[in-house]
Amino acid sequence: MTFFARLLGFLFLLLAPLGGHAAAPTVPPSGVGRQLSVYFLDVGQGDSILIVSPEGKTVLIDGGPPEAAPRLAARLRELVKGPLDLVILTHPHLDHLGGLAAAIRAVGARRFMDPGFNHPSEAYRDLLNFVGKEVGQVMTPQPNPRAPQSLLTIGLGEGVALTVLWPRVPQESFLDDTRSDPNSNSIVTKLTFGATAFLLTGDSEPDTEEVLLQKPLDLTATVLKVAHHGGRHSTTAAFLRRVKPRAAVISCGKGNDYGHPSPEVLERLDSAGVRPFRTDQDGEVVAVSDGTNVTLSSARGITAPLVVQGEQGTGPVALGPIEPSVHRRSGGSKEREKEPGGRGPSSSSRPSTPPVERAPASAEGPRYVSLKGSKVFHREDCPTLKRSHNERTVYPSREAAARERRPAEDCHP
């Protein structure tokens with residue numbers, strides 16, 4: 001494990017100011033002039049969320065399905081000036097990763113994060129290869145190994161923080177033997193600004209919710225991004241009681257083949273007094289926080305914005321020690337869902353990395369490696385190399401690598 005990887009768990013990222021705002025849907029003015037904007041982009045049957053902090057720092061979470069790529073790229077050009085500060089892939093399914101390469105090509109990206117969960121799909125492999133060449137820093141949400149109870153928190157300036165609640169590998173192992181292991185190990189984040197908070201859940205499953213409920217975490221949120229496009233198994237009543245959202249956003253496609261959102265989830269939201277927004281009916285949804293209130297509006301389907309008051313406490317996201325997960329296993333009878341793009345259940349076996357042409361080791365230290373088409377070189381043990389399947393060049397020394405490439409930002413060789 002590289003020194004950089006050991007630092008990731010407690011790294012408080014200093015992201016360069018970027019960002020911008022679009023004309024539609026209308027973003028209501030804030031009385032205090034400091035706004036956090038969260039765009040739940042309309043990408044059809046998939047997920048894509050853009051965060052723009054008061055300082056203009058930008059985070060893109062997921063990129064929708066491949067067919068949404070042109071629309072996503074065009075919308076990002078309207079909303080973002082310069083490279084995205086961070087791109088997060090919550091999990092390696094096509095309806096979340098399909099538009100990410102187009103998004104990065106459109107505006108650029110400085111950092112990329114995903115769970116590091118093994119998945120055999122060609123689309124995921126191609127994305128990792130693309131990211132390895134186009135993005136300077138690739139990471140997983142690893143907690144600080146020197147403080148194993150900690151959570152990775154990403155600072156976005158002006159009192160805005162994005163905290164990763166799940167997964168916590170290697171401190172806790174990935175969930176397995178669930179209905180969908182990639183879904184269950186989606187990156188779940190909590191975005192906080194003043195008294196307001198957003199809980200962003202990817203396609204997390206009931207097993208994920210159960211693990212989070214077992215922990216002494218403050219899960220309360222003003223706005224909940226409903227998991228798995230409103231699928232009936234997630235967003236349980238127990239989870240809603242803990243989160244206590246005032247509003248919820250469901251990202252799904254009009255007339256989709258999965259029946260999302262399910263009547264069961266809509267009924268649970270209604271019973272909990274939660275106002276739902278749906279991208280299939282409302283189009284793009286924008287939530288703007290001034291640190292006290294969140295104002296939600298949409299491109300269509302709602303004529304007046306909804307204003308909800310935040311109730312987030314001032315304490316830390318983690319309220320105490322986080323013990324190892326204890327979760328139910330479903331044995332061999334777990335239900336399988338067909339994933340978008342025509343794939344069946346996924347395997348946890350990642351395609352093997354192609355053989356590396358070995359050069360004699362140097363007495364001066366480790367070897368250094370560059371991926372085909374890349375302008376940077378890495379340490380041989382860099383996680384980026386393990387996650388890419390491109391052809392590579394191996395250098396016997398740092399000096400040899402530096403003659404042809406510049407050092408990568410992820411492992412600082």
Side-chain angles (χ1 to χ4, degrees), residues 1-13 59 61-62 86-93 96 111-119 137-155 161-192 197-221 225 227-228 234 238-239 242-243 315-329 348 350 383-384 386-387 410:
M1 184 179 296
T2 65
F3 176 74
F4 176 80
R6 292 182 181 275
L7 291 176
L8 274 179
F10 67 93
L11 180 64
F12 198 81
L13 296 178
V59 179
I61 302 179
D62 290 328
L86 176 64
V87 173
I88 297 176
L89 172 63
T90 59
H91 65 292
H93 278 158
H96 292 248
R111 298 169 180 86
F112 175 86
M113 175 190 293
D114 82 336
F117 184 85
N118 293 331
H119 193 273
Q137 190 171 322
V138 182
M139 63 187 74
T140 56
Q142 177 185 336
N144 178 10
R146 298 178 182 175
Q149 314 305 333
S150 67
L151 299 171
L152 174 64
T153 297
I154 301 164
L162 183 68
T163 299
V164 179
L165 306 182
W166 187 259
R168 302 189 69 252
V169 175
Q171 277 76 357
E172 298 180 61
S173 60
F174 285 122
L175 296 172
D176 62 5
D177 204 17
T178 69
R179 292 180 60 257
S180 169
D181 291 349
N183 286 347
S184 295
N185 293 293
S186 291
I187 291 180
V188 178
T189 55
K190 182 172 180 178
L191 176 68
T192 55
F198 298 77
L199 191 63
L200 310 174
T201 56
D203 275 3
S204 55
E205 292 278 331
D207 300 76
T208 323
E209 295 181 2
E210 182 179 351
V211 166
L212 293 174
L213 291 174
Q214 291 172 358
K215 300 179 182 299
L217 295 169
D218 180 3
L219 297 176
T220 58
K225 201 292 295 187
H228 207 182
S234 304
F239 193 66
R242 182 81 166 267
V243 177
V317 174
L319 301 182
I322 301 174
E323 301 299 331
S325 302
V326 178
H327 60 280
R328 290 195 300 268
R329 302 299 179 94
S348 62
R350 175 174 288 186
T384 296
K386 299 176 182 178
R387 294 151 60 80
D410 51 0

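No experiment lies behind these values; they were computed from the predicted model shown.
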(message) Is the shortest side-chain heavy-atom distance between Thr201 and Thr189 below 4.5 Å?
(response) no

(request) Give, for atom CG of Asn185 and atom NE2 of His119, the distance between the pair rounded to the nearest 0.5 Å. (result) 11.5 Å

(message) To the closest 0.5 Å, what do you measure between CG (Leu89) and CG (Asp62)?
(response) 5.5 Å

(request) Mind checking the OG-CD spacing from Ser234 to Glu205? Nearest 0.5 Å is all I need. (result) 4.5 Å

(message) Between Arg242 and Thr220, is there a side-chain heavy-atom distance shorter than 4.5 Å?
(response) no

(request) For the pair Leu199 and Leu165, evaluate side chain to side chain contact (heavy atoms under 4.5 Å, CB included) and give the outcome as yes or no after the intermediate values. (result) CA-CA 10 Å; Leu199 191 63; Leu165 306 182; 3.8 Å; yes

(message) Evaluate Asp181 against Ser184 for side chain to side chain donor-acceptor pair (under 3.5 Å), listing each step before the verdict.
(response) CA-CA 5 Å; Asp181 291 349; Ser184 295; 5.1 Å; no

(request) Run the salt-bridge test on Glu210 and Lys215 with the 4.0 Å N-O cut-off and return the result as yes or no. (result) no

(request) Decide yes or no for Asn183 and Ser204: does some side-chain heavy atom of the first lie under 4.5 Å from some side-chain heavy atom of the second? (result) no

(request) Mind running side chain to side chain contact (heavy atoms under 4.5 Å, CB included) on Gln149 and Gln171 for me, showing each step along the way? (result) CA-CA 8 Å; Gln149 314 305 333; Gln171 277 76 357; over 6 Å; no

(message) Holding to side-chain hydrogen bond (donor to acceptor under 3.5 Å, both in side chains), I want the full list of residues that pass it with Ser186, two or more places apart in sequence or in another chain.
(response) His91

(request) Report the distance from atom CG of Leu86 to atom CE of Met139, rounding to the nearest 0.5 Å. (result) 6.5 Å

(request) Decide side chain to side chain contact (heavy atoms under 4.5 Å, CB included) for Met113 and Ile154; before the verdict, give the C-alpha distance in whole Å, the side-chain angles of both, and the deciding distance to 0.1 Å. (result) CA-CA 12 Å; Met113 175 190 293; Ile154 301 164; 3.9 Å; yes

(message) Distance check, rounded to the nearest 0.5 Å: Phe117 atom CZ versus Thr140 atom OG1?
(response) 14.0 Å

(message) Check Lys190 with Asp218, please: is the shortest side-chain N to carboxylate O separation under 4.0 Å?
(response) yes

(request) Evaluate the side-chain proximity of Leu175 to Trp166: yes if any heavy-atom separation is below 4.5 Å, no if none is. (result) yes

(request) Find out whether Thr90 and Asp203 are in side-chain contact, i.e. whether some heavy atom of one side chain is under 4.5 Å from a heavy atom of the other. (result) no

(message) Within the structure provided, determine whether Val164 and Val188 are in side-chain contact (heavy-atom separation under 4.5 Å).
(response) no

(request) Starting at OG1 of Thr163, measure out to CG of Leu191 and round the result to the nearest 0.5 Å. (result) 9.0 Å

(request) Indicate yes or no: at least one non-hydrogen side-chain atom of Asp114 is less than 4.5 angstrom from one of His96. (result) no

(request) Compare all side-chain heavy atoms of Asn118 with those of Phe174 and state whether any distance is below 4.5 angstrom. (result) no

(message) Testing the basics here: between Thr192 and Ala197, what is the closest heavy-atom pair and its distance to 0.1 Å?
(response) CG2-CB, 4.0 Å

